[in-house]
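Before any comments, here is the structure.
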Amino acid sequence: MAITYQEKERIFTLQTLHTTYQMKADEHGALLHLYYGQKTAGNLDYLLTFYDRGFSGNPADVGRDRTYSMDTLPLEYPTLGVGDYRSPALVLENGDGTVCADLRYCSHEIRNGKYALQGLPAAFANEEEAQTLSVLLQDSVSGVSVELLYGVIEGEDVITRAAVITNAGKDVVTIQKAASACLDFLYGEYDLISFYGRHAMERSVQRNPVGHGSFSIGSRRGTSSHQYNPGVILAGKHTTEEQGGCYGLLFAYSGNFSCEAEKDQFDQTRVLMGLGTDFLRYPLQPGESFTVPETIMCYSDQGLGELSRHYHDCIRNHICRGKYAKEARPLLLNSWEGAYFHFTGETIVNLAREAKALDIDMVVMDDGWFGKREDDNSGLGDWRANEEKLQMSLGELVKRVNNEGVRFGIWMEPEMVSEDSDLYRAHPDWALCFPGRAPVRGRNQLVLDFSREDVREAVFAQVCQVLDSGNIEYLKWDFNRSLADIASAQRVPGKVTYDYVLGLYDFLEKLSARYPDLLIEGCSGGGGRFDAGMLYYTPQIWCSDNTDAADRVFIQYGTSFFYPACTMGAHVSAVPNHQTGREVSLFTRGVAAMAGTYGFELNPAKLTDAEKEEVKEQVQTFKRVEVLVRNGDYYRLSDPYEEAFAAWAFVSKEKDRALLSVVMLKKHGNMPVSYVRLKGLFPEEMYENTADGKVYAGSALMEAGIALPLQMGEYQSFMMEFRRK
Ligand code: GLA
């Protein structure tokens, strides 16, 4: 039993393979957090202390007891307005304008299986894998209730949290802030690791001490954003890749979010993960409910590497769905960097011919095939093939590509509209726009109001017409600007950002139901919407518009803390690189792309014969290691920010195969020799380097390591495959 309840003490204990989470509904009905961390036994309510803390408020029902205060106790779901002055998980405005919610324990339920969320992504698991705890809290004056949901996926060491807020009162209440996870720690010094960035340089790693005051990251862009990823790690001061305790909080949501970490007056730490607040003023009519998206939590006492591997397994087994969740993805050649907007149907057929010769499975026709679209200033919203430009119909093009023995994929950006488009001319009110104001443009385009069902239905019909025009097996779903002008003709502004994201999910759910075999790759100017919410619908996401292998090593390093390699769209592109101008060898470009989905983003006709031979070899290598990359355990073997090289390894679950990849990042005269040490092998077993037949003990590879050849120049790289003897 993963979840137990002790009636007398009203203590809830959630156990995973290696972790314990405990809370208690106390005699006043407050739901107090007791513990989260390495597996423990027994009741931990002895940890609570009660002292008269000057000026910390005391709830009326404790009488004259000054030692009981919401301001000092560890709380499971703190609210604003009832005496806790730290940052709250929930801010509710009541019908009379007062801002408070006094939530007390009402009832609970434990059931087998994992809860699902209405209209929102959530980790899924069957009755053998998971249990759910639902705890109902209620404010007796307003009638508002909050159902706190806990999903325990025991084998993955994962505990998820979500909340459903219901207005069972008579007046409208307005949600101003709602988090799904709050973690209160009674003591301890922590660092918060977060992932910041920008377009073409996503998920850089930063590690900040949690100090007094609040440190927050988030997004108010309507998407999870390039700038901050909705995943953070709270780590002990001395926690490293291999050692020490760390907690992950990953928000499974693709819109505005907010994450805060704060040390309070008594050196207690609170971490919150939830919806972004700036555009949120969500009115709940009597009888209505609102779901706060899921936070996926995990604790590891064996450092960041182990934490990442838990997340990778959780995402692969409990988030990614559909045919491709567990299957090899087609190895694809995307037309973007090879042709940009300048192609005809014949160009795409030629790409297919070249692709076939290189043993590439699929050609993807990127932006520029529809409406009036010679550049990025027009055409979005008109999802009809431009037959004049292609010089053939879409159906004919797909057939021609298939006839070359190559599969066909296509690019679309369904949430967008160009002002210069038939769709916008017919329905200018379908774009997000403040009444009476000219909208903010981004990449010269506007955002369609996906909170509206009628808008979604019209776009859905267009998308289906495209997908029905031939054997289209892949869709790149792009999103190339942030939301602004948060206003909709059909709803109050405070509902728009949340309802937009639910509208997007609804669209993707219907699309996947209608085309179960279609592989959808998410994209948002590269990795601007790379989150667990999107991965529920799109099992891979274009990791970044930056295809420079030297930069990609960093981007993919940051991405790897939460997301497995099989979710990271990664391609070999031409040099000099189009984003950075850097020249990196074809081999290294391959090494970097093979730490993701692997594919190409260039015009093969421009490769020399020698390069083509090399590509063919690379493709064969990838096909050999693909299953290892997709299903294996991932080990970060260096910190590229600190060390002269980036190194990582994939090790099969059976520990019988390993793939080691190294990219040199720095080069100086007469360099010291660098050594890299593998991880995750059986120490007592022998492993053979498949290239030269040399045999090493697993313990030697892991403890002593191997030397990196000195002649390796800057951005040179190597890969080594090991097999257990
Ligand atoms: C975005 C994507 C690119 C490409 C272009 C097309 O930037 O990230 O890969 O599809 O749009 O306009």
Side-chain angles (χ1 to χ4, degrees), residues 197-203 221 223-227 229 254 332-343 347-348 351 362-383 385-386 389 408-418 420-421 441-447 463 466 472 474-482 519-531 534 538 540-549 551-552 555-556 559 567-574 577-580 589 592-593 596-603:
R198 54 186 184 274
H199 174 237
M201 204 63 216
E202 297 88 342
R203 292 171 291 286
R221 292 170 185 269
T223 65
S224 45
S225 90
H226 297 89
Q227 286 71 16
N229 197 259
S254 313
L332 61 88
L333 167 64
N334 179 295
S335 69
W336 181 240
E337 288 195 20
Y340 291 106
F341 291 104
H342 318 297
F343 57 86
T347 320
I348 303 296
L351 284 180
M362 177 183 274
V363 159
V364 175
M365 177 165 67
D366 208 280
D367 198 353
W369 58 269
F370 53 91
K372 178 184 143 209
R373 186 78 170 165
E374 292 309 326
D375 54 33
D376 55 10
N377 293 305
S378 61
L380 295 172
D382 297 341
W383 302 109
N386 183 340
K389 173 172 175 173
F408 184 89
I410 202 162
W411 176 98
M412 293 177 93
E413 199 179 358
E415 296 156 82
M416 295 291 163
V417 68
S418 305
D420 184 1
S421 69
R441 297 190 180 111
R443 209 194 191 199
N444 247 343
Q445 63 198 48
L446 305 182
V447 185
V463 172
V466 170
I472 299 178
Y474 161 106
L475 170 64
K476 180 173 169 189
W477 180 292
D478 212 339
F479 183 90
N480 283 322
R481 59 158 291 179
S482 303
L519 171 60
I520 310 178
E521 175 159 354
C523 180
S524 172
R529 201 161 57 182
F530 202 120
D531 56 67
M534 284 308 286
T538 69
Q540 63 190 53
I541 299 177
W542 184 227
C543 196
S544 176
D545 271 352
N546 187 343
T547 56
D548 173 4
D551 274 356
R552 266 301 183 109
I555 297 167
Q556 292 171 190
T559 307
T567 64
M568 296 184 214
H571 295 166
V572 172
S573 63
N577 180 268
H578 295 192
Q579 293 79 39
T580 63
R589 283 176 273 154
T597 57
Y598 188 68
F600 291 84
E601 185 106 2
L602 44 71
N603 182 357

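Throughout, numbering of the chain's residues begins at 1 and tracks the sequence. Excluded from the calculations below are hydrogen atoms, water molecules and symmetry mates; all remaining heavy atoms, backbone and side chain alike, are included. Ligands are counted one by one from 1 in listed order, and the atoms in each one are counted from 1 as well.
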Q: For the residue pair W477 and P414, establish whether any side-chain heavy-atom pair is separated by less than 4.5 Å.
A: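 Counting from C-beta outward, W477 and P414 do come under 4.5 Å.
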**Q.** Non-neighbouring partners of D376 that pass salt bridge (charged side-chain N to carboxylate O under 4.0 Å, His left out), sequence neighbours left out
**A.**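 Expected list: R443.
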Q.
Tell me which one of E202, R221, H199, R198 satisfies side chain to side chain donor-acceptor pair (under 3.5 Å) with Q227.
A.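 Result: among E202, R221, H199, R198, R221 is the only option passing the side chain to side chain donor-acceptor pair (under 3.5 Å) with Q227.
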Q. Cationic tip of K389 within the cone over F343's six-membered ring, i.e. under 6.0 Å and within 45° of the normal?
A.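 Yes; both conditions hold, so K389 lies above the ring face of F343.
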Q. Under a 4.0 Å N-O cut-off, is there an ion pair linking K372 with D382?
A.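 Judged by the 4.0 Å cut-off on N to carboxylate O distance, K372 and D382 do not form a salt bridge.
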(Q) If the criterion is any heavy atom closer than 4.0 Å to an atom of ligand 1, which residues make the list? (A)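 For ligand 1, the contacting residues are W336, D366, D367, W411, R443, K476, D478, N480, C523, G525, G526, W542, D545.
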Q | ring pair (Phe, Tyr, Trp, His ring centres under 6.0 Å) evaluation trace for F341 with W336 | A | CA-CA 8 Å; F341 291 104; W336 181 240; 5.2 Å; yes
